[in-house]
Chemist: 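Sharing a structure, written as structure tokens. Questions coming.
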Amino acid sequence: MKIALLQLAILEKNKQANVAHGLQLARETAPDHDLLVLPEVWTTGYSLGHLSEEAESEASDVVASLQAIAAQNQCAIIAGSVPMRRDGKVYNTSVAIDKTGKLVNFYDKVHLFGLFNEERFFAPGNNFQAFDLDGVCCGSTICYDLRFPELFRHLALQGAKIIFCPAEWPTARGDIWRLLAQARAAENHTFVVAVNCAGEFKGAPFFGHSMVVAPSGKILAEAGTDEAIVSCTIDLTEIDKVRSRLNALADVRKELIR
């Protein structure tokens, strides 16, 4: 499976430019890949004060455009995350689109970042089940979720082979980004595809360093801090090879997990 990580440079308070740029890079990259992954809130950036006007719906032009790109190129898309309005609330939602353009999963960010008062802008999600993407069992998380190993363990125990983590992770906590991505992959023997953004918010730079981590914890591909497209081919049989040597999941005492 050939995966492209779109580490976009996100602009503050410029949804129109972000959407146009993100869709253009997706169109250019999709023909040569099986799967594209975008970063967190790539449409609006972290400028959350206008979500009432800028949030998407399941039938919005942004989602429809990504569906068309997927179908035209037979390339699945994890649409990073976008602010999405449902049931009178706005969620931070990661949309999964299969290679036919079908919407196959919506994951609403479970752990909201209290330090930045995300609960003022988003409702917390509760739908954190693994899902099938073109025959591969996958799981979705978003940014701050990376600090909560129980979510990744839950997805791995459901059979997820690839766990996605789109993010807007700052340089100030960059070392933790790499450490946690590797830990989540190694402890669950899954691939972790962590896609950060470039650029800055209120003068604070984002860390970039989008990466694909193997089930062994080894980083297979990694970007720098600037905007970049990272291409990486993964072999899903690597999961079974790693688990044949040491399978921590087989020894999990599920009765202790609540």
Side-chain angles (χ1 to χ4, degrees), residues 5-12 18 22 36-48 51 54-56 77-84 90-96 105-128 138-155 160 162-185 188 190-202 204-213 219 222-223 225 227-228 230:
L5 286 60
L6 274 59
Q7 181 170 291
L8 305 180
I10 308 297
L11 301 176
E12 294 181 41
N18 288 333
L36 304 183
V37 189
L38 289 95
E40 183 185 18
V41 288
W42 61 276
T43 55
T44 63
Y46 210 72
S47 304
L48 305 180
L51 293 188
E54 295 185 337
E56 310 297 332
I77 297 176
I78 300 295
S81 79
V82 296
M84 181 166 285
V90 177
Y91 298 89
N92 188 349
T93 302
S94 183
V95 181
N105 191 68
F106 295 90
Y107 166 72
D108 302 321
K109 189 176 182 180
V110 169
H111 301 100
L112 301 180
F113 192 39
L115 183 64
F116 286 175
N117 300 307
E118 284 188 348
E119 68 279 0
R120 290 175 49 201
F121 306 99
F122 295 115
N126 294 295
N127 55 323
F128 41 87
C138 297
S140 280
T141 67
I142 298 173
C143 199
Y144 190 42
D145 285 332
L146 198 58
R147 290 182 178 269
F148 296 85
E150 61 273 18
L151 177 57
F152 286 75
R153 177 55 51 87
H154 171 76
L155 293 168
I162 307 173
I163 301 179
F164 304 102
C165 187
E168 288 204 349
W169 198 283
T171 298
R173 292 180 285 278
D175 289 345
I176 300 300
W177 164 258
R178 184 183 287 108
L179 173 68
L180 294 181
Q182 290 184 271
R184 299 294 86 87
N188 294 300
T190 63
F191 286 95
V192 168
V193 177
V195 183
N196 202 7
C197 62
E200 61 180 38
F201 177 68
K202 293 184 176 179
F206 293 114
F207 186 56
H209 288 271
S210 299
M211 65 183 70
V212 178
V213 188
I219 296 174
E222 182 176 3
T225 56
E227 180 171 279
V230 177

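Keep in mind the model is a prediction, meaning the values are calculated, not measured. This chain uses plain numbering: 1 for the first residue, then up along the sequence.
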Chemist: Tell me, please, which residues at least two apart from Glu56 pass salt bridge (charged side-chain N to carboxylate O under 4.0 Å, His left out).
Modeler: Lys15
Chemist: Tyr144: what forms a ring pair (Phe, Tyr, Trp, His ring centres under 6.0 Å) with it, not counting sequence neighbours?
Modeler: Phe113, Phe148
Chemist: Salt bridge (Lys or Arg N to Asp or Glu O under 4.0 Å): which pairs involve residues 167-184, sequence neighbours left out?
Modeler: Arg178-Glu222, Arg184-Glu187
Chemist: Please name all residues satisfying side chain to side chain donor-acceptor pair (under 3.5 Å) with Thr93, sequence neighbours left out, ordered by chain then number.
Modeler: Asp108
Chemist: Looking at every non-hydrogen atom in both residues, tell me the closest pair between Ala123 and Leu112 and how far apart they are.
Modeler: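 Ala123 and Leu112 have their closest heavy atoms at C-CD1, 4.0 Å.
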Chemist: Please name all residues satisfying side chain to side chain donor-acceptor pair (under 3.5 Å) with Tyr107, sequence neighbours left out, ordered by chain then number.
Modeler: Asp145
Chemist: Kindly state each residue pair satisfying side chain to side chain donor-acceptor pair (under 3.5 Å) with at least one member in residues 113-124, sequence neighbours excluded.
Modeler: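 Sorted result for residues 113-124: Tyr46-Glu118, Lys109-Glu118.
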Chemist: Where do Ile77 and Val95 land on the side chain to side chain contact (heavy atoms under 4.5 Å, CB included) test, with the steps shown first?
Modeler: CA-CA 8 Å; Ile77 297 176; Val95 181; over 6 Å; no
Chemist: Closest heavy-atom contact between Thr44 and Asn18?
Modeler: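 The answer is C-ND2, 4.1 Å.
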Chemist: For Ser210, is there any backbone N or O sitting under 3.5 Å from a side-chain donor or acceptor partner on Gln7?
Modeler: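 Flag set: sc Gln7 to bb Ser210 pair under 3.5 Å.
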Chemist: According to side chain to side chain donor-acceptor pair (under 3.5 Å), who are the partners of Ser140, at least two apart in sequence or on a separate chain?
Modeler: none
Chemist: When rounded to the nearest 0.5 angstrom, what is the spacing between CZ in Phe152 and CG in Asn188?
Modeler: 8.5 Å
Chemist: Under a 3.5 Å distance rule, please check whether Thr225 uses its side chain to pair with a backbone N or O of Phe207 as donor and acceptor.
Modeler: no
Chemist: Would you tabulate the side-chain donor-acceptor contacts of residues 193-201 under 3.5 Å, counting partners in other chains and residues two or more places apart, or write 'none'?
Modeler:
| from | atom 1 | to | atom 2 | distance (Å) |
| --- | --- | --- | --- | --- |
| Asn196 | OD1 | Trp169 | N | 2.7 |
| Asn196 | ND2 | Trp169 | O | 3.1 |
| Asn196 | ND2 | Gly208 | O | 3.1 |

Chemist: To the nearest 0.5 Å, what is the distance between CG (Leu180) and CZ (Arg147)?
Modeler: 6.0 Å
Chemist: Can you give me the closest heavy-atom contact between Leu8 and Gly22, atom names plus distance?
Modeler: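 Looking at all heavy atoms of both residues, the closest pair is CD1-CA, 3.9 Å.
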Chemist: State, to 0.1 Å, how close Pro39 and Ala167 come at their nearest heavy-atom pair, and which atoms those are.
Modeler: CB-O, 3.7 Å
Chemist: Between the main-chain N or O of Phe164 and the side-chain N or O of Thr141, is there a donor-acceptor pair closer than 3.5 Å?
Modeler: yes
Chemist: Can you name the residues that form a side-chain contact (heavy atoms from CB on, under 4.5 Å) with Ala55, not counting sequence neighbours?
Modeler: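 Here the qualifying residues are Pro83, Arg85, Val90.
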Chemist: Find the distance between CD1 (Ile142) and CZ (Phe128) and round it off to the nearest 0.5 Å.
Modeler: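 Taking CD1 in Ile142 and CZ in Phe128, the distance rounds to 13.5 Å.
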Chemist: Considering residues at least two apart in sequence or located in another chain, which fulfil the side-chain contact (heavy atoms from CB on, under 4.5 Å) criterion with Ala172?
Modeler: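 side-chain contact (heavy atoms from CB on, under 4.5 Å) list for Ala172, sorted by chain: empty.
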Chemist: Evaluate the criterion side chain to side chain contact (heavy atoms under 4.5 Å, CB included) for residue pair Phe122 and Leu51; output intermediate values, then yes/no.
Modeler: CA-CA 9 Å; Phe122 295 115; Leu51 293 188; 3.6 Å; yes
Chemist: Just jot down the side-chain contact (heavy atoms from CB on, under 4.5 Å) partners of Ala96, sequence neighbours excluded, or say none.
Modeler: Ile78, Val104, Asn105, Phe131
Chemist: What pairs with Ser81 under side chain to side chain donor-acceptor pair (under 3.5 Å), at least two apart in sequence or on another chain?
Modeler: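 With sequence neighbours excluded, Ser81 shows a side chain to side chain donor-acceptor pair (under 3.5 Å) to Asn92, given in chain and number order.
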Chemist: Nearest 0.5 Å please: distance from the CG atom of Leu146 over to the NE2 atom of His111.
Modeler: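 Rounded to the nearest 0.5 Å, the CG-NE2 separation comes out at 11.5 Å.
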Chemist: Check Ala160 against Cys138 and note the closest heavy-atom contact, atom names and distance.
Modeler: CB-C, 3.9 Å
Chemist: Supply the atom-to-atom distance Glu40 CD to Cys165 SG, rounded to the nearest 0.5 angstrom.
Modeler: 8.0 Å
Chemist: Which heavy atom in Ala223 sits nearest to a heavy atom in Val230, and how many Å separate them?
Modeler: CB-CG2, 3.5 Å
